Amino acid sequence: MILKFEFIKKHISLSILLLNLIGFAQFNKIKNDQFWSSIDEKPIYSQGGGIFKFPNPNTGEETYYWYGVHYKEAELYRNNPDETYERNNFVSVTCYSSKDLVNWNFENNVLERKEIEQNGRTGWLGRMGVAYVPEKKQYALFIQHNNSVLIALSHSPTGQFKKHNRLDMTEMIGTPNTGDQTIFTDYDTGKSYLVYSYGRGRNKIYISEIGVKNGKVDLLDCNQIYKGKGREGNCMFKYNNKYYVFASNLYGWDSSYAYYLVSDNIKGPYLPHNEMLITPGCMDDFAHITQTGFFINIKGNKKETVMYCGDRWAEFAGNGLGYNQWTPLSFEGETPIFNSLNSWHLNETTGEWQVAEDNNYVKNPSFEADRRAIPSPVKPIQEHITGWVTKVYQGNVILVGDSDSPQLNYFNSQEDRKYVIGEKSLNIEDKIPFKRKIYQIIESTPYVNLPNALFNLKAKIKHKGNFNTLNIYAESAGIKKELAVNSSSENWTEIVLKNIPVKNGKIEIGFYADGEANASCQIDDVTLIKSE
């Protein structure tokens with residue numbers, strides 16, 4: 001009997017282990033700050049779009065379909081990110097499919113350039129989404145085209161979409177075009193909506209239900225939900241029976257805070273009235289160096305997770321690698337919390353997520369969040385690098401509008417960008433002798449734990465002139481480790497501070513410089529990752 005019991009216990013344990021392994025295997029990694037590829041290792045080109053769940057036309061199984069725009073410059077930048085491009089040339093609207101939101105198959109170029117050029121020039125095409133229209137039993141693709149909204153239809157979510165209708169928005173909102181838009185589908189009601197802003201100045205946000213009018217797919221109404229400061233990158237989601245509308249600042253292709261409004265009803269009123277709130281957690285790196293793009297709800301069998309999908313227009317802004325940056329949101333009551341993660345795991349089946357072992361915990365690690373020279377007298381007015389603190393012990397103070405104030409960021413040359421990421425890096429210099437510390441405090445949050453473990457701190461650095469001291473350092477729980485940068489090198493060199501013990505979920509990292517007049521140092525691509 002004992003042997004039989006041990007046999008049963010052993011097999012139960014093996015079964016539990018097998019189930020745990022199966023459950024763990026469902027966690028798939030989402031790695032930001034890099035270019036993404038499909039399952040067959042082809043480049044993914046998908047910007048300014050959205051993810052929607054539709055029945056697979058062959059199997060009937062609910063499938064995630066990701067639509068976005070492929071621009072020619074996305075190819076050029078991916079192949080050689082040393083150069084930032086000024087123009088955007090439309091190639092097609094792409095469609096990818098997935099069961100787990102991580103592994104994607106290319107389906108089709110669902111809207112081709114030739115389809116647009118039949119009746120005129122291509123011009124600007126972007127900011128699009130797809131909705132199923134039951135009255136037509138077809139899928140409708142809404143996309144900005146020059147100064148209007150183009151609607152194209154297909155009988156399949158992966159088929160060729162053909163031009164169907166064109167909307168001049170003048171009678172509805174006063175401008176012929178929308179000032180950024182996405183599609184939101186309320187899965188509880190099955191209704192789809194266009195979320196968009198006013199075409200000039202973007203100081204108003206609207207929500208319109210999508211339906212059929214006079215035999216054509218059209219917008220059935222127009223509900224203005226916001227009037228205030230200009231906003232773009234309009235998108236929305238529903239969570240815990242509340243509707244959230246998000247948008248970004250008017251910073252062109254550059255990154256921005258993620259702003260939001262919330263309502264109990266899709267048509268409003270949205271609160272706070274005509275004043276969007278900044279999402280907590282997005283401020284230290286401008287929403288992981290992105291502009292608001294779209295959201296997807298992962299309704300697992302254990303929890304529901306809302307995933308923020310930000311657009312990084314790197315080819316037009318030069319602000320890093322990768323075009324798509326996805327991070328999970330958390331919630332405190334009805335307040336969304338932005339979790340800025342470089343690497344994380346998602347379990348689409350359960351809806352759970354967890355931080356990956358190779359996550360870089362540094363915020364704004366490549367110093368790309370700021371769109372102008374810092375200190376900046378124009379929007380946003382600021383005296384410090386986003387996510388970093390500068391403490392001056394000796395030398396000129398950092399002050400907006402002061403001609404003697406040192407510039408805190410350096411604009412990388414095309415040659416620099418062969419070795420470091422993006423247009424900008426940290427700049428440490430002064431016209432007079434100086435002592436300065438630039439640092440960042442990283443600590444656990446209720447949603448992202450900084451584990452008690454050994455970490456490696458890395459950075460790329462180049463410098464010239466005379467420094468009495470130039471150190472990289474890390475300090476946690478009263479224990480400080482530092483590494484001196486001894487030899488002067490005008491070429492980029494990687495420095496590594498190894499096996500830093502992190503305790504109590506908090507660490508300060510940074511750089512200390514004691515330099516003579518006109519000495520200068522540039523630092524880029526900082527990482528704090530767990531030791532292997």
Side-chain angles (χ1 to χ4, degrees), residues 32-34 77 81-84 251-257 282-291 310 312-314 316-322 325 340-342 360-376 378-392 398 400 405-430 436-442 457-463 470-474 485 492-495 508-513 520-529:
N32 290 319
D33 305 296
Q34 65 180 17
Y77 188 83
D82 301 349
E83 184 177 350
T84 302
Y251 288 173
W253 305 115
D254 292 296
S255 56
S256 162
Y257 293 157
C282 79
M283 297 179 67
D284 287 340
D285 61 359
F286 278 19
H288 206 79
I289 323 295
T290 69
Q291 186 182 51
R312 181 177 290 178
W313 303 93
F316 308 132
N319 53 11
L321 302 183
Q325 310 292 319
S340 185
L341 295 174
N342 158 263
N360 179 15
Y361 286 84
V362 181
K363 301 289 183 63
N364 192 18
S366 293
F367 307 97
E368 305 301 334
D370 302 312
R371 59 201 300 261
R372 301 187 185 277
I374 305 299
S376 173
V378 294
K379 69 174 186 178
I381 298 173
Q382 61 187 84
E383 292 182 341
H384 294 282
I385 298 287
T386 296
W388 297 83
V389 178
T390 298
K391 189 170 184 179
V392 177
I398 312 301
V400 170
S405 175
Q407 183 173 318
L408 297 184
N409 54 357
Y410 169 82
F411 284 60
N412 295 324
S413 68
Q414 193 165 352
E415 182 65 22
D416 288 320
R417 291 170 67 176
K418 293 178 180 178
Y419 307 99
V420 295
I421 295 170
E423 287 188 339
K424 302 178 186 69
S425 55
L426 176 65
N427 189 48
I428 306 174
E429 65 178 354
D430 206 341
R436 194 186 308 167
K437 181 173 79 168
I438 302 91
Y439 67 96
Q440 179 176 134
I441 295 175
I442 302 167
L457 177 63
K458 297 181 181 181
K460 294 175 184 174
I461 185 169
K462 70 172 185 174
H463 57 106
L470 183 57
N471 289 346
I472 181 174
Y473 77 89
V485 181
W492 288 99
T493 303
E494 185 175 74
I495 52 176
E508 179 181 313
I509 63 167
F511 310 92
Y512 178 80
S520 68
C521 171
Q522 287 77 46
I523 297 170
D524 212 342
D525 302 342
V526 185
T527 63
L528 181 71
I529 299 174

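What you see is a predicted model, and the numbers here were worked out from it, not measured in a lab.
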Heavy atoms only: give me the nearest Val362-Thr527 pair and the separation to one decimal.
-> CG2-C, 3.9 Å
Is it true that Arg312 and Asp33 make a salt bridge, defined as a side-chain N closer than 4.0 Å to a carboxylate O?
-> yes
Applying salt bridge (charged side-chain N to carboxylate O under 4.0 Å, His left out) between Asp254 and each of Lys379, Arg372, Arg371, report the one that passes.
-> Arg371
Verify ring pair (Phe, Tyr, Trp, His ring centres under 6.0 Å) between Phe511 and Tyr439, making sure each step is shown before the conclusion.
-> CA-CA 6 Å; Phe511 310 92; Tyr439 67 96; over 10 Å; no
Between Trp253 and Phe316, does the ring centre distance come in under 6.0 Å?
-> yes
To the nearest 0.5 Å, what is the distance between CD (Glu383) and CD1 (Ile398)?
-> 8.5 Å
Regarding Gln522 and Asp524, is there a side-chain donor-to-acceptor distance under 3.5 Å anywhere?
-> no
Please answer whether the main-chain N or O of Ile374 pairs with a side-chain N or O of Asn409 as donor and acceptor at a distance below 3.5 Å.
-> yes
Hey, does the side chain of Glu368 reach the backbone of Glu423 with a donor-acceptor pair shorter than 3.5 angstrom?
-> yes
Name the one of Asn364, Asp285, Asp370 that satisfies side chain to side chain donor-acceptor pair (under 3.5 Å) with Thr386?
-> Asp370
Is the cationic atom of Lys424 (NZ for Lys, CZ for Arg) positioned less than 6.0 Å from the six-membered ring centroid of Tyr410 and within 45 degrees of its normal?
-> no
Would a distance-only check, ignoring hydrogens and angles, find a side-chain to backbone donor-acceptor pair under 3.5 Å from Arg436 to Thr390?
-> no
